[in-house]
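Right, one structure below, let's go through it.
Keep in mind the model is a prediction, meaning the values are calculated, not measured. The figures here come from the full heavy-atom set of this structure, side chains too, leaving out hydrogens, waters and symmetry mates. Residue indices begin at 1 and follow the sequence shown.
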Amino acid sequence: MKHILLVEDDASLGQTLSERLSKEYKVAWTKTMAEAWSYFVQHEAEIDLAILDVGLPDGNGFDLARKIKAHYNTPILFLTAQSDAENRLQGYEIGAEEFIPKPFNHFILSPVVVMPS
């Protein structure tokens, strides 16, 4: 089963996404940059995709993505309310596979979160 690291500080959205994605994937949900990085380092060989929010209570998803990309080839998807053109460009320049602006229809993730075998 594919393994997703979900980094989302909004409890309601994180719970909903975790439940929906857990039907098809193993999901680890973290709420802060520190939790996410700690989990990532411990499980990096298992993680097939990182879904990152940009606005986090202790940093931002762009910085976390840079740390991940500096050491690993894990695909990254941004899911954020910070979706202006500048932020989208920054996300793609870091190496994101996709940038999904909030609010969004939860069903959009199913076709987007298709990972290579």
Among Ile, Leu, Val, Met, Phe, Trp and Tyr joined by side-chain contacts under 4.5 Å, find the other residues sharing a cluster with Met1 and list them by chain and number.
none
Partner set under side chain to side chain donor-acceptor pair (under 3.5 Å) for Gln15, not counting sequence neighbours:
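Scan of Gln15 (side chain to side chain donor-acceptor pair (under 3.5 Å), adjacent residues dropped) gives Glu19.
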Can you list everything that forms a side-chain contact (heavy atoms from CB on, under 4.5 Å) with Asp9? Sequence neighbours excluded, please.
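Partners of Asp9 under the side-chain contact (heavy atoms from CB on, under 4.5 Å) test: Asp53, Leu56, Pro57.
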Taking side-chain contact (heavy atoms from CB on, under 4.5 Å) as the test, write out the residues that go with Ser22, two or more places apart.
Ser18, Val27
If hydrophobic clusters are built by linking Ile, Leu, Val, Met, Phe, Trp and Tyr wherever their side-chain heavy atoms come under 4.5 Å apart, do Ile94 and Met33 end up in the same one?
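Both belong to a single hydrophobic cluster.
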What do the steps show when you test Asn87 against Phe62 for side chain to side chain contact (heavy atoms under 4.5 Å, CB included), and what is the final call?
CA-CA 9 Å; Asn87 281 316; Phe62 291 140; 3.3 Å; yes
Can a donor-acceptor pair be found, under 3.5 Å and without considering hydrogens, that links the side chain of Thr16 to the backbone of Ser12?
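Confirmed, Thr16 side chain pairs with Ser12 backbone.
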I'd like to know if the side chain of Glu35 and the backbone of Lys31 have a donor-acceptor N/O pair within less than 3.5 Å.
yes
Which atom pair, heavy atoms only, marks the closest approach of Ala65 to Phe78?
CB-CZ, 3.6 Å
If you look at every heavy atom in Leu5 and Ala36, which pair is closest and at what distance?
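Answer, listing the atom of Leu5 first, then Ala36: CD2-O, 3.9 Å.
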Stepwise side chain to side chain contact (heavy atoms under 4.5 Å, CB included) test for Leu79 and Leu17
CA-CA 11 Å; Leu79 189 61; Leu17 290 175; 3.4 Å; yes
For His43, which residues count as a ring-ring contact (aromatic ring centres under 6.0 Å, His included) partner, sequence neighbours excluded?
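Once residues adjacent in sequence are excluded, the partners of His43 under the ring-ring contact (aromatic ring centres under 6.0 Å, His included) criterion are Tyr39.
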Side-chain atoms of residues 66-73: list all donor-acceptor pairs with protein atoms under 3.5 Å, sequence neighbours left out, distances to 0.1 Å.
from	atom 1	to	atom 2	distance (Å)
Arg66	NH1	Asp63	OD1	3.0
Lys69	NZ	Thr74	O	3.1

Atom [atom1] of [X] and atom [atom2] of [Y]: how far apart are they, to the nearest 0.5 Å?
X     : Y     : atom1 : atom2 : value
Leu64 : Leu52 : CG    : CG    : 5.0 Å
Ile47 : Leu49 : CD1   : CG    : 9.5 Å
Phe99 : Ile76 : CZ    : CD1   : 12.0 Å
Trp37 : Thr32 : CH2   : OG1   : 13.5 Å
Tyr25 : His3  : OH    : NE2   : 13.5 Å
Leu6  : Arg20 : CG    : CZ    : 13.0 Å

Ring pair (Phe, Tyr, Trp, His ring centres under 6.0 Å): which pairs involve residues 79-98, sequence neighbours left out?
none
Residue set satisfying salt bridge (charged side-chain N to carboxylate O under 4.0 Å, His left out) with Glu46, at least two apart, ordered chain then number -> Lys26
Mind running side chain to side chain contact (heavy atoms under 4.5 Å, CB included) on Ile51 and Val7 for me, showing each step along the way?
CA-CA 6 Å; Ile51 300 176; Val7 185; over 6 Å; no
Give the intermediate values and the outcome of side chain to side chain contact (heavy atoms under 4.5 Å, CB included) for residues Ile100 and Leu77.
CA-CA 8 Å; Ile100 300 174; Leu77 184 152; 4.0 Å; yes
